[in-house]
Structures are given as C-alpha cells and as structure tokens.
Number of protein chains: 2
Amino acid sequence: MTYDLALAALADPTRRQVFERLAAGPRSVGAIASGLPVSRPAVSQHLKVLRAAGLVADRAQGTRRLYFIDRGGLAALRAWLDRFWDDSLAAFQAEVERPATTRKKGNQP
Amino acid sequence: MTYDLALAALADPTRRQVFERLAAGPRSVGAIASGLPVSRPAVSQHLKVLRAAGLVADRAQGTRRLYFIDRGGLAALRAWLDRFWDDSLAAFQAEVERPATTRKKGNQP
DNA sequence: GCTTACCGTAAGTCATGACTTACGATCTGG
DNA sequence: CCAGATCGTAAGTCATGACTTACGGTAAGC
C-alpha cells in the first residue's frame with residue numbers, strides 16, 4: 001500500500017541508522033541523536049519521514065517522546081517484495097541459464 | 001550485502017517502473033522506454049543503476065540488448081528485511097498494546 | 001562498404017532533499 | 001511560578017541525482 005514511502009525512507013543511510021537503533025528497542029529522540037553524526041533536529045526530521053511511511057510510531061512520555069518500530073511499514077514492504085519475487089520467477093528462470101554472454105552487476109571498465 | 005544499493009535503486013519511481021516492466025519478461029531498452037514518460041538515455045541510466053544493485057542483468061542480442069530480472073538484488077533485500085523483522089519483534093511487541101496515547105503515521109495538522 | 005537501427009556515455013541543467021542554526025512550545029521539578 | 005530539559009518546526013544553504021540533448025560505437029541488412 002505505502003511501500004513506496006517505506007522504500008524512499010529506508011533509502012537514506014542516516015535514516016537507516018535511526019531505524020536500526022529503534023530495532024534494538026524504544027528510544028527517545030535525544031538518545032537516538034547521541035552517537036549519530038547529525039544534529040538532533042535532523043533526527044527529528046528523519047523520524048517524521050519514517051513515521052509517515054509507517055515504519056515507526058511514537059508515544060509521549062513526559063517531556064520526552066519515545067519512538068519505536070511500527071511493523072506496518074515493514075509488512076507492506078515485504079508484501080510488495082514477495083509479490084515481485086513470485087511474479088519475476090517465471091521471467092527470470094527463462095533467462096537464468098542461457099549459453100549467451102551475460103554480464104552482471106558492477107560496471108567493469 | 002548490497003541491500004543498500006537495492007534500496008536506493010528501488011526508491012526512485014521511474015526506476016521502479018522500469019523494474020516492474022522487466023518483471024513481466026525480458027525487454028530491450030527501447031521497448032522499456034516506449035510508454036515511459038522519459039527518454040531512452042534516461043532508461044539506460046536507470047538500468048545501469050539497477051544492474052549495479054544486482055536487480056537486473058542484461059544480454060546482448062544483435063544490435064539490441066535484452067534486460068531481465070536478476071534475483072540476487074531482491075534476495076539481498078529480502079534477507080535484510082527478514083533479519084529486521086525478527087530483530088524488531090521483541091522491541092515492537094513490548095510497545096504494541098500500551099494504554100498510553102500512541103500517534104501513528106501521517107502528520108495530522 | 002554504407003546506411004540504418006539500437007544503445008551507452010558525456011556534458012549540462014534544474015529540482016529535490018538532507019543538513020544546519022534559530023526559535024517556540026510543552027512538560028516536569030523545585 | 002519560574003528554570004531547565006526535551007522536542008518539533010521554520011528558514012536557509014548546499015550537494016546529489018534525475019533528466020535532457022548531443023555524440024560515438026557496434027551489429028545487421030541491402
């Protein structure tokens with residue numbers, strides 16, 4: 001459903017670091033920012049994107065705000081990938097072992 | 001392993017369209033570009049990124065070049081997501097049903 | 001061999017977004 | 001009630017990357 005937002009959100013390396021820190025357990029914004037090479041407002045903006053993608057959720061706790069993983073975004077992404085995995089199986093297996101020259105990955109000079 | 005390249009590649013909407021067209025079966029560059037709102041060189045550049053991410057592979061066929069899905073990139077992405085799915089389970093379930101107010105998704109004005 | 005078709009790359013333009021500092025809002029403790 | 005702590009947002013800067021047109025290179029057909 002919103003797999004596109006989840007993809008765009010997780011494409012950024014800093015945002016992935018924020019997300020991975022949350023996978024270890026709920027954290028406050030300041031706790032996430034400390035140790036990261038960016039400022040705390042930057043982390044707030046990243047969390048806003050992650051929340052819009054359904055990847056994290058938050059809960060007020062006093063003057064602080066605890067963020068934690070929301071499985072919804074991950075589930076949407078997994079569903080999209082799995083649909084792709086199945087759809088591309090026939091198209092891929094028709095080409096996988098072919099006698100012709102097949103260049104893959106990297107751009108060799 | 002190279003899940004970061006796959007994420008960055010699939011984050012772009014045009015590149016996703018290219019990728020989805022390939023999921024239906026192998027296509028030449030011109031066949032992919034026709035119907036897309038971008039030029040053929042743009043498609044070539046997108047295919048270069050997709051190939052570097054291990055998401056597609058190509059094979060020369062005469063003066064044309066057939067591109068098709070490479071499951072390697074999708075597998076790397078799935079593996080990364082699944083690892084996350086497991087790691088975040090405990091952290092998530094500790095917060096999922098909590099009596100406190102929990103705001104999720106979207107940025108309501 | 002020459003033309004045509006198909007493709008990759010170079011160079012340049014322009015918008016997007018990731019960051020910063022500055023400010024205002026909210027909640028808690030004394 | 002005031003001081004401090006924690007956070008979100010506004011405004012502005014700067015790099016990245018998605019696109020264009022132009023060009024060169026290779027393979028097939030006549």
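Sequence lines set the chain letters: A, B, ... in the order given, protein chains first and strands last, and positions in each chain run from 1.
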Measure from the side chain of [X], starting at C-beta and using heavy atoms only, and say which of [options] lies closest.
X     : options               : result
A/R40 : C/dC19, D/dC7, C/dC7  : D/dC7
A/R65 : C/dG8, D/dT21, D/dG8  : D/dG8
A/V29 : C/dA18, D/dC7, C/dT21 : D/dC7
A/S44 : D/dC7, C/dC6, C/dT21  : D/dC7
A/Q45 : C/dT20, C/dC7, C/dG8  : C/dT20
A/V38 : C/dC7, C/dT20, D/dT20 : C/dT20

Whole angstroms only, please: what is the [atom1]-[atom2] distance between [X] and [N]?
X     : N      : atom1 : atom2 : answer
B/D58 : C/dC6  : CG    : P     : 17 Å
B/R51 : C/dC7  : CZ    : C1'   : 12 Å
A/L36 : C/dT20 : CG    : C1'   : 16 Å
B/R59 : C/dC6  : CZ    : C1'   : 16 Å
B/L47 : C/dT9  : CG    : P     : 11 Å
B/K48 : C/dA10 : NZ    : C1'   : 10 Å
B/I32 : C/dG8  : CD1   : P     : 9 Å
A/L66 : D/dG8  : CG    : P     : 11 Å

*asked:* Students often mix this up, so state it plainly: with edges at 30° and 60°, are the rings of B/Y3 and B/W80 parallel, tilted or perpendicular?
replied: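 The rings of B/Y3 and B/W80 lie parallel, inter-plane angle below 30°.
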
Looking at [N], I'd like to know if its phosphate oxygens (OP1 or OP2) sit under 4.0 Å from a side-chain N or O belonging to [X].
X     : N      : answer
A/Y67 : D/dG8  : yes
A/T14 : C/dC19 : yes
B/T63 : C/dC7  : no

Looking at A/D82 and B/R78, does any basic side-chain N land under 4.0 Å from a carboxylate oxygen?
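Salt bridge flag = yes for B/R78 with A/D82.
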
Has B/R15 got a side-chain atom pairing as donor or acceptor with B/A9's backbone, closer than 3.5 angstrom?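 Checked: pair present.
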
**Prompt:** Any N or O donor-acceptor pair linking the side chain of B/R15 to the base of D/dG17 at under 3.5 Å?
**Reply:**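 Under the 3.5 Å cut-off, the side chain and the base do not form any donor-acceptor pair.
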
Checklist line | Reported OH-to-CZ distance for the pair B/Y67 and B/R27, which is rounded to 0.5 angstrom | finding: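 One finds 15.5 Å between OH of B/Y67 and CZ of B/R27.
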
message = Is it the case that atom CZ in B/R64 sees more than 12 heavy atoms from other parts of the structure closer than 6.0 Å?
response =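 Incorrect, the count does not exceed 12.
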
In terms of the nearest nucleotide of DNA chain C, which residue is placed more toward the 5' end: A/G62 or A/H46?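 Result of the comparison: A/H46.
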
